[in-house]
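To keep things clear, I will list the structure first and then write my remarks on it.
In the text below, chain A, chain B and the rest are named by the order of the sequence lines, each starting its count at 1. Since the structure is predicted, the reported quantities are computational estimates derived from the model, not experimental observations.
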There are 2 protein chains.
Amino acid sequence: MKSPLPQPTRAELAILRVLWKQGRCTVRQVHEALRETQEKDTVYTTVLKLLQNMAEKGLVRRDERDRTHVYEAALNEQKTQRDLLRDLMDRAFGGSSASLVIQALSLKRATPEELEEIRKLLDKNEGGRK
Amino acid sequence: MKSPLPQPTRAELAILRVLWKQGRCTVRQVHEALRETQEKDTVYTTVLKLLQNMAEKGLVRRDERDRTHVYEAALNEQKTQRDLLRDLMDRAFGGSSASLVIQALSLKRATPEELEEIRKLLDKNEGGRK
DNA sequence: AGACATCTACGACAAACGTCGTTGACATCT
DNA sequence: AGATGTCAACGACGTTTGTCGTAGATGTCT
């Protein structure tokens with residue numbers, strides 16, 4: 001049993017991001033949050049259906065005690081981010097995390113604070129586990 | 001005219017990686033290269049079909065002078081990598097390249113040489129364009 | 001009670017994607 | 001010439017993904 005949870009699809013990931021940010025949410029809350037961020041509008045029942053699918057897959061937990069169900073993410077945000085990165089690393093960077101990082105750094109200028117954090121991580125990485 | 005080229009799909013990206021590595025290739029060459037890297041085997045005609053689709057989309061160029069056509073990538077590898085990263089950054093990291101980099105660094109230990117290269121990039125980034 | 005809103009459940013649908021088999025043209029070998 | 005192999009082209013198909021409409025139950029307001 002306990003087959004590993006499937007990776008979220010694009011639409012599912014957008015929903016997960018709402019749940020990660022806002023915590024427990026009703027369908028309506030998710031729907032309205034998406035309305036604000038998303039460029040393309042989706043309809044209430046689409047969000048409902050997606051959340052139902054996600055509950056069935058185990059990507060979210062559903063609290064059915066009230067008539068209005070409440071959903072929460074069942075996936076860890078950082079873990080999901082790493083899984084997605086690993087997938088992309090394998091598919092587009094030949095498994096090299098370094099070249100991925102190098103390309104990523106050219107994407108957008110980070111703030112000095114962020115750069116500092118990255119530096120610290122590099123140092124820790126250097127002396128870290130072999 | 002000149003609508004921007006669509007992003008390659010997963011299967012298309014796998015093919016592009018072969019073309020980036022090996023340069024101009026026939027369908028058969030691509031097929032056999034995939035056979036070696038890929039875990040799941042695909043059939044010759046599947047690769048052919050994908051390459052035909054890609055040619056139509058403009059993702060590859062096709063040389064039809066010989067009976068056996070020759071394909072080459074029409075997309076730049078680094079540019080494609082950055083596009084994919086940007087997409088993931090928007091979808092999963094709230095547009096923050098820094099947090100993406102931080103997660104990526106925890107993915108796999110990089111070699112000292114790679115770490116050095118990343119450091120240099122950080123420095124250049126620091127003083128760089130505002 | 002009756003009108004109206006809200007919610008879940010469910011079926012249907014179209015588009016994208018990947019897969020494969022078949023066909024007919026062309027080449028090569030004996 | 002005939003058998004065999006290789007190739008491009010194409011149609012068909014199943015699955016996944018996202019989308020939406022409708023129905024029926026439940027709640028709320030007057």
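Between the CG atom of Asp66(A) and the C1' atom of dA25(D) there is a distance of 16 Å, rounded to whole Å. At whole-Å resolution of the value, CG in Leu50(A) and P in dT16(D) are 16 Å apart. Rounding to whole angstrom units, CD of residue Glu56(A) and C1' of dC10(C) are separated by 12 Å. Rounded to a whole Å, the CG atom of Leu51(B) is 15 Å from the C1' atom of dT19(C). In this structure, the CZ atom of Arg10(B) is 14 Å from the C1' atom of dA16(C), given to the nearest Å. Nucleotide dT16(D) holds its C1' atom 16 Å from the CE atom of Met54(A), rounded to whole Å. Note: CZ (Arg28(B)) to P (dA27(C)) measures 16 Å, nearest angstrom. Atom NZ in Lys49(B) sits roughly 18 Å away from atom P in dC7(D) (whole-Å rounding).
Between the side chain of Arg67(B) and the base of dT6(D), at least one donor-acceptor pair of N or O atoms lies under 3.5 Å.
Ion pair Arg17(A)/Asp90(B) not flagged as a salt bridge, since none of the NZ, NE, NH1 or NH2 atoms sits closer than 4.0 Å to an Asp/Glu carboxylate oxygen.
Minimum interatomic distance between Ala98(A) and Glu114(B) (heavy atoms only, all atoms of both residues): CB-CD, 3.3 Å.
Of the residues listed (Gln78(A), Arg82(A), Lys79(A)), the one engaging Gln103(B) in a side chain to side chain donor-acceptor pair (under 3.5 Å) is Arg82(A), and it is the only one.
Within 4.0 Å of Glu64(B), counting heavy atoms only, lies no atom of the nucleic acid at all. Among the heavy atoms of the strands lying under 4.0 Å from Tyr44(B) are primed sugar atoms or P, OP1, OP2 only; no base atom is included. Looking at heavy-atom distances under 4.0 Å, Thr45(B) makes contact with a base. Thr9(B) comes within 4.0 angstrom of sugar-phosphate atoms only, judged by non-hydrogen atoms across all strands, and of no base. At a threshold of 4.0 angstrom between heavy atoms, the contacts of Thr26(B) with the nucleic acid are absent. Thr46(A) comes within 4.0 angstrom of a nucleotide base, judged by non-hydrogen atoms across all strands.
Taking only side-chain atoms of Leu48(B), from C-beta outward, the nucleotide of dC20(C), dA9(D), dT19(D) with the closest atom is dA9(D). Comparing dC17(C), dT17(D), dC20(D) by their closest approach to the side chain of Lys57(B) singles out dC17(C).
The shortest distance between the side-chain N/O atoms of Gln52(A) and the OP1/OP2 oxygens of dC10(C) is not below 4.0 Å. Neither OP1 nor OP2 of dC7(D) sits under 4.0 Å from any side-chain N or O of Arg62(B).
With a 4.5 Å cut-off on side-chain heavy atoms, Leu51(B) and Val47(B) count as touching.
Pairing of dT6(C), defined by two Watson-Crick or G-U wobble distances under 3.5 Å, is identified with dA25(D).
Expressed to the nearest 0.5 Å, how far CD of Glu113(B) lies from CD1 of Ile118(B) amounts to 11.5 Å.
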